[in-house]
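Input: a single structure, listed below in structure tokens.
Not measured: the values here are computed from a predicted model. Note: hydrogens, waters and symmetry copies are ignored here, and every other heavy atom, side chains too, is used.
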Amino acid sequence: MVYHAIGIWENQEESIVVFSAFLENAGTWTFEITATATFPSGNTVNGTLINQFIDENGLQFKVALISIQRDADEKMINGAAIAAETILPVVTDLPAMDKALGGSGDLFISAASKLQLQVDSLSKKNKAACVAFMGVLRWREEYNFLSSVTGASRNSIGGALWMGQEA
């Protein structure tokens with residue numbers, strides 16, 4: 001099955017947005033990034049900017065999920081507001097459960113291990129794709145944080161899911 005997701009990774013300098021397709025075949029995952037954008041720091045990603053990204057890249061009716069993670073958690077992401085404006089499911093707070101279980105909460109190590117990527121050489125676009133992938137695993141209700149990787153007391157399914165779809 002193919003999953004199409006937007007991943008957004010915000011760091012102190014910028015917000016990187018990618019649209020990726022993830023394919024799982026016999027337990028092995030592959031992915032392809034097909035659209036990207038970068039927003040400067042201070043321009044916090046919101047529903048308006050995500051809808052603009054979708055429009056500019058012709059992604060209407062192609063995006064199944066949006067997943068967002070900030071590098072520093074000083075300010076909460078308003079996933080409910082983004083879901084309401086985009087009318088799409090949004091996953092936020094990915095590492096919260098892993099951290100509550102005593103783990104590192106490092107989503108890049110967890111995602112890179114499943115996507116067979118080298119953590120040390122992850123580009124900013126690949127980091128945003130890892131955020132999207134962790135959201136896909138959350139959506140599938142699969143463990144996205146493995147205790148053997150993060151040091152948590154058990155495996156967990158991390159991320160708050162905000163449903164934006166109309167009835």
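Note that CD of Gln69 and CG of Asp93 are 7.0 Å apart. Values are rounded to the nearest 0.5 Å. In this structure, CG in Leu49 is found 11.0 Å from CD1 in Ile54, a value given to the nearest 0.5 Å. Atoms CD1 and OG1, from Ile68 and Thr92 in turn, are 7.5 Å apart once rounded to the nearest 0.5 Å. Expressed to the nearest 0.5 Å, how far CD1 of Ile82 lies from CD1 of Ile8 amounts to 6.5 Å.
In plain terms, the two heavy atoms of Val18 and Phe53 that are nearest each other are C-CZ, 4.2 Å. When all heavy atoms of Phe145 and Pro95 are compared, the closest pair comes out as CZ-CA, 3.6 Å.
Among residues two or more places apart in sequence or in another chain, the salt bridge (Lys or Arg N to Asp or Glu O under 4.0 Å) test is passed with Glu32 by none.
With Thr86 contributing its side chain and Gly47 its backbone, the two residues share no donor-acceptor pair below 3.5 Å. At least one donor-acceptor pair under 3.5 Å links the side chain of Asn11 to the backbone N or O of Glu13.
Sorted by first and then second residue, the side-chain hydrogen bond (donor to acceptor under 3.5 Å, both in side chains) pairs involving residues 133-158 (not counting sequence neighbours) are Tyr3-Arg140, Asp98-Thr150, Arg140-Glu142, Ser147-Asn155.
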Subject >> side-chain contact (heavy atoms from CB on, under 4.5 Å) between His4 and Thr34, worked out >> reply: CA-CA 10 Å; His4 295 96; Thr34 56; over 6 Å; no
Quick one: side chains of residues 117-126, donor-acceptor pairs under 3.5 Å with protein atoms, not counting sequence neighbours, listed by atom name and distance.
| residue | atom | partner | partner atom | Å |
| --- | --- | --- | --- | --- |
| Ser121 | OG | Gln118 | O | 3.3 |
| Ser123 | OG | Asn126 | N | 3.1 |
| Lys124 | NZ | Glu14 | OE2 | 2.5 |

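Between Phe22 and Phe133, the ring planes are tilted. Angles from 30° to 60° get that label.
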